[in-house]
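Index from 1, following the sequence. Both backbone and side-chain heavy atoms feed into the values below; hydrogens, waters and symmetry mates do not.
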Amino acid sequence: MTATSEELRPLWGIRPALPRSDPGPPDGGRVERFVLSLSGVLPLVYEQTWQAVLDGTPLCRTAFHRSPGGGLVRTVRPDARFRMQAVDWRATRPEVQDCRLAERLNREAATGLPLDRAPLMCATLIRRDDRTWTFAWRYARELMGRRAGLRVLEEVADAYGALLRGGVPRRAGGRRGADGLLAGRVSR
């Protein structure tokens, strides 16, 4: 990482642009995806923010297994960690970056996520230039719906701002969050 990526950025530069989602593979894939444009993000702090938000909820530790009856049974794994890959594409021309991003997103959409591996989400943070990043986050639809995903993105933005100000992000236990939606989506 370069020194410019570690500078303190103004808080208004961390709010994501409107997310785009992908319905997944045409064969009825079960992955929801958001692609955000971020400005001036600190990768290590951003990853810590995601982990802090997800630590307060079983979402971070959830996996599913098929029951003999065909339904999904939820298991919670205490040691699951959020996975975020950071890549640097600054040496590549913008038009090539756009093609690479489209190829990457298409490849990810075709692969899906294994339901038995917690957490049922992963992310890629792509550095496009000295200030601009693309964040691609995907998660299993069995985990939560689109509205809950939007709430998680909002909570991450708020927690990131709190960490940059030297504060502590709010814990998930004290709010109505995605867990309420999660419990209703699992067959017992």
Side-chain angles (χ1 to χ4, degrees), residues 1-21 31-63 74 76-90 101 113 117-141 143-185:
M1 261 184 239
T2 65
T4 56
S5 69
E6 298 302 321
E7 295 173 8
L8 183 62
R9 307 291 187 193
L11 295 179
W12 57 85
I14 62 166
R15 290 284 180 191
L18 289 176
R20 298 183 318 215
S21 75
V31 174
E32 184 74 47
R33 176 176 62 201
F34 291 97
V35 178
L36 310 172
S37 177
L38 303 173
S39 177
V41 70
L42 302 174
L44 297 175
V45 176
Y46 198 62
E47 184 174 22
Q48 291 169 351
T49 302
W50 272 90
Q51 189 65 52
V53 168
L54 297 176
D55 276 346
T57 178
L59 287 176
C60 181
R61 301 175 300 279
T62 298
R74 177 182 170 197
V76 177
R77 300 197 174 142
D79 59 345
R81 304 294 297 166
F82 181 70
R83 295 182 302 274
M84 185 176 84
Q85 178 186 21
V87 294
D88 190 343
W89 288 356
R90 288 180 290 174
L101 179 61
L113 289 168
R117 184 175 166 209
L120 296 174
M121 60 181 68
C122 62
T124 304
L125 185 63
I126 302 166
R127 189 166 197 172
R128 307 289 295 260
D129 59 38
D130 285 342
R131 293 212 26 93
T132 308
W133 298 77
T134 296
F135 180 70
W137 174 49
R138 62 190 184 119
Y139 60 87
R141 288 184 187 159
L143 186 63
M144 64 183 152
R146 182 165 173 75
R147 285 180 57 186
L150 289 168
R151 266 198 309 259
V152 169
L153 288 171
E154 183 178 307
E155 291 171 14
V156 167
D158 291 343
Y160 184 73
L163 283 174
L164 286 181
R165 290 188 304 271
V168 177
R170 288 180 289 153
R171 299 297 291 187
R175 66 184 188 278
R176 211 175 127 219
D179 278 350
L181 296 175
L182 175 67
R185 301 200 36 138

* Asked: Would R141 and V31 satisfy side chain to side chain contact (heavy atoms under 4.5 Å, CB included), going step by step from the backbone distance to the final call?
  -> CA-CA 5 Å; R141 288 184 187 159; V31 174; 5.9 Å; no
* **W133 to P43 - nearest heavy-atom pair and separation** => CH2-CG, 3.3 Å
* Asked: Looking at CG of L113 and OH of Y139, how far apart are the two atoms once the value is rounded to the nearest 0.5 Å?
  -> 11.5 Å
* **Pairwise distance CZ(R81) to CG(L54) - rounded to 0.5 angstrom** => 10.0 Å
* Asked: Out of curiosity, L125 CG to T134 OG1, how far, rounded to the nearest 0.5 Å?
  -> 8.5 Å
* Asked: How far does CG of D129 sit from OG of S39, to the nearest 0.5 angstrom?
  -> 8.5 Å
* To do: Could you walk me through whether R151 and L153 pass side chain to side chain contact (heavy atoms under 4.5 Å, CB included), step by step?
  => CA-CA 5 Å; R151 266 198 309 259; L153 288 171; over 6 Å; no
* Asked: What is the ring orientation for Y160 with Y46, classed by angle as parallel under 30°, tilted 30 to 60°, or perpendicular over 60°?
  -> perpendicular
* Verify, without hydrogens or angle tests, whether R83 (side chain) and M121 (backbone) share a donor-acceptor contact under 3.5 angstrom. => yes
* To do: List the atom of V45, the atom of L164, and the distance in Å for their closest heavy-atom pair.
  => CG1-CD2, 4.4 Å
* To do: Please round to the nearest 0.5 Å and tell me the distance separating atom CG of D55 and atom CD of Q48.
  => 11.0 Å
* Where the side chain of T132 meets the backbone of R128, is there a donor-acceptor pair that is under 3.5 Å apart? -> no
* To do: Report the C-alpha distance between C122 and M84 in whole Å, list the side-chain angles of each, state the deciding distance to 0.1 Å, and finish with yes or no for side chain to side chain contact (heavy atoms under 4.5 Å, CB included).
  => CA-CA 6 Å; C122 62; M84 185 176 84; over 6 Å; no
* Aromatic centroids of F82 and W137 separated by under 6.0 Å -> no
* Given the rule in the side chain to side chain contact (heavy atoms under 4.5 Å, CB included) test, do W89 and R127 qualify, once you have shown the distances and angles that lead to the verdict? -> CA-CA 6 Å; W89 288 356; R127 189 166 197 172; over 6 Å; no
* Is atom CZ of R117 surrounded by more than 12 heavy atoms (other residues, nucleotides or ligands) closer than 6.0 Å? -> no
